[in-house]
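Note that this is a predicted model, so its numbers are computed, not measured.
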Amino acid sequence: MRLKPLLTTRSKGIVATLTLVLGAGIWWATHELRSDTQVINIPQRICHNRISSEKAAPLLPTKGSKYTEDADAFGGWSTLGTCEAKVDDSAIYVGYQDALGHKRNYHPKGIPVSLGKAYGSLTAEGAINLYVSCTNTPRTVTKWLLIGANATVVDREVEAGKKLNRSTKGLGALTEFTAQAVRDLTQDWFKCPGADQLPDGPVTIHWDKPVVR
């Protein structure tokens, strides 16, 4: 299984681009990989040590052949970064990007989500994307970061034609992991002013609110 990040820095719609990467973007091979019985030890911190793996573990198999990570462009001096954490053909994907030119009243397409004052959407492809305020820091050039995540376990539900709902397999764990990633990145790496006020707990999916199309 391989994720195919398609992120570009010079597109008209940064949101559309990142949503494409984070929402559409988990593919796996048509054949099943051999299932090993080795217990997988996931590092305590993943993605160049930027994110705690506590909330990542439920999204990955406990047994398999090995854990791998592709995060060469993650957490460096860059306005965007991507990370894939994988056990065999199951993966978590997380990315961030300076939300160039975006304004606070922009409404991402999908089911509305929030984490305190951070807001965004659950896309039709099963990704969670959040805008987080992040001004006047050495590592950002604009006022907002767009951070998102998806996982194979959720993507497979979408690929099987199942409608996303409260009982979607893996979605609860993805809300937990996305929230953890947002807190770790904005508080510890980007050091966004006010990031310490982001609440504990998962991203809230507002199932009762109209879908933004």
Side-chain angles (χ1 to χ4, degrees), residues 1-3 5 7 18 21-22 25-26 28 33-97 113 115-116 118 120 126-130 132 134 137-140 145-156 169-204:
M1 192 264 316
R2 181 175 180 177
L3 291 173
L7 195 66
L18 190 59
V21 176
L22 298 177
I26 295 182
W28 56 89
L33 297 181
R34 181 171 62 87
S35 178
D36 291 346
T37 57
Q38 178 181 336
V39 175
I40 299 298
N41 293 315
I42 299 172
Q44 290 186 343
R45 298 190 69 82
I46 62 174
C47 299
H48 273 182
N49 296 318
R50 303 293 180 210
I51 301 173
S52 167
S53 68
E54 179 184 357
K55 303 301 182 182
L59 292 165
L60 295 172
T62 57
K63 293 183 179 181
S65 61
K66 63 179 179 178
Y67 168 85
T68 59
E69 182 177 299
D70 182 0
D72 290 343
F74 197 85
W77 293 95
S78 173
T79 57
L80 63 91
T82 60
C83 171
E84 177 193 46
K86 184 166 68 171
V87 175
D88 296 339
D89 61 346
S90 294
I92 303 168
Y93 184 82
V94 59
Y96 64 82
Q97 183 168 359
V113 303
L115 181 68
I128 297 175
N129 298 322
L130 281 168
V132 188
C134 194
T137 80
R139 296 190 175 103
T140 56
L145 284 175
L146 181 58
I147 301 174
N150 65 353
T152 300
V153 62
V154 178
D155 189 70
R156 284 174 175 158
K169 184 178 179 181
L171 188 55
L174 183 61
T175 64
E176 294 270 6
F177 171 71
T178 306
Q180 184 68 60
V182 168
R183 286 189 294 266
D184 286 348
L185 287 172
T186 58
Q187 294 172 2
D188 300 334
W189 174 244
F190 285 101
K191 299 187 182 303
C192 302
D196 57 343
Q197 298 176 24
L198 290 170
D200 293 333
V203 171
T204 298

**Student:** Looking at CD1 of I42 and OH of Y67, how far apart are the two atoms once the value is rounded to the nearest 0.5 Å?
**Tutor:** 7.0 Å
**Student:** Rounded to the nearest 0.5 Å, what's the gap from NZ on K55 to CD on E176? Could you check?
**Tutor:**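 CD of E176 is found 4.5 Å from NZ of K55.
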**Student:** Report yes if some heavy atom in the side chain of D70 is under 4.5 Å from a heavy atom in the side chain of C83; otherwise report no.
**Tutor:**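 No, side chains not in contact.
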**Student:** Would you say K86 and P61 make side-chain contact, with heavy atoms under 4.5 Å?
**Tutor:** no
**Student:** So which atom in V94 and which in A181 form the shortest heavy-atom distance, rounded to 0.1 Å?
**Tutor:**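 In this case the closest contact between V94 and A181 is CG2-CB, 4.2 Å.
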**Student:** For S53 and P43, indicate whether the former's side chain and the latter's backbone hold a donor-acceptor pair under 3.5 Å.
**Tutor:** yes
**Student:** Answer whether the closest heavy-atom distance between the side chains of T204 and L115 falls below 4.5 Å.
**Tutor:** no
**Student:** Which value, rounded to the nearest 0.5 Å, describes the distance between Q44 atom CD and N41 atom CG?
**Tutor:** 10.5 Å
**Student:** Between I92 and F177, is a side chain to side chain contact (heavy atoms under 4.5 Å, CB included) present by the stated rule, with each step listed?
**Tutor:** CA-CA 9 Å; I92 303 168; F177 171 71; 3.2 Å; yes
**Student:** Would you give the length of the straight line joining atom OG1 of T186 to atom CG of D188, rounded to the nearest 0.5 angstrom?
**Tutor:** 8.0 Å
**Student:** Could you report the tightest heavy-atom contact between V154 and G126, atom names first, then the distance?
**Tutor:**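 Here V154 and G126 meet closest at CG1-O, 3.7 Å.
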**Student:** For the residue pair R183 and G201, what are the closest heavy atoms and their distance?
**Tutor:** NH1-O, 2.9 Å
**Student:** Do L130 and V113 have side chains that get closer than 4.5 Å, going by heavy atoms?
**Tutor:**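 Yes, at least one pair of side-chain atoms sits under 4.5 Å.
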**Student:** Would you indicate whether the side-chain heavy atoms of T82 and Y93 approach each other to under 4.5 Å?
**Tutor:** yes
**Student:** Write down the atom of A71, the atom of H48, and the distance for their closest heavy-atom approach.
**Tutor:**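 Reported closest heavy-atom pair: O-CE1, 3.0 Å.
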**Student:** Under 3.5 Å, is there a donor-acceptor pair between the side chain of T178 and the main chain of T175?
**Tutor:**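 Pair absent, no side-chain N/O of T178 close to backbone of T175.
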**Student:** Drop me the distance from L145's CG to L80's CG, to the nearest 0.5 angstrom.
**Tutor:** 11.0 Å
**Student:** Run the side chain to side chain contact (heavy atoms under 4.5 Å, CB included) test on F74 and I46 for me, step by step, so that the C-alpha distance in whole Å, both residues' side-chain angles and the decisive distance to 0.1 Å come before the verdict.
**Tutor:** CA-CA 10 Å; F74 197 85; I46 62 174; over 6 Å; no
**Student:** Dump the intermediate steps for side chain to side chain contact (heavy atoms under 4.5 Å, CB included) on D89 and T152, then the final yes or no.
**Tutor:** CA-CA 8 Å; D89 61 346; T152 300; over 6 Å; no
**Student:** Salt bridge (charged side-chain N to carboxylate O under 4.0 Å, His left out), that's the test. Do D88 and K63 meet it? Break it down for me.
**Tutor:** CA-CA 9 Å; D88 296 339; K63 293 183 179 181; over 6 Å; no
**Student:** What is the distance from atom CD of Q97 to atom CD1 of I147, rounded to the nearest 0.5 Å?
**Tutor:**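 Going from the CD atom of Q97 to the CD1 atom of I147 covers 11.5 Å.
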**Student:** Any heavy-atom pair between the side chains of V182 and V132 that's under 4.5 Å?
**Tutor:** yes
**Student:** Taking Q180 for its side chain and A56 for its backbone only, find out whether a donor-acceptor pair lies under 3.5 Å.
**Tutor:** no
**Student:** Set out, in order, the CA-CA distance, both residues' side-chain angles and the distance that settles side chain to side chain contact (heavy atoms under 4.5 Å, CB included) for I128 and L174, then state yes or no.
**Tutor:** CA-CA 8 Å; I128 297 175; L174 183 61; 4.0 Å; yes
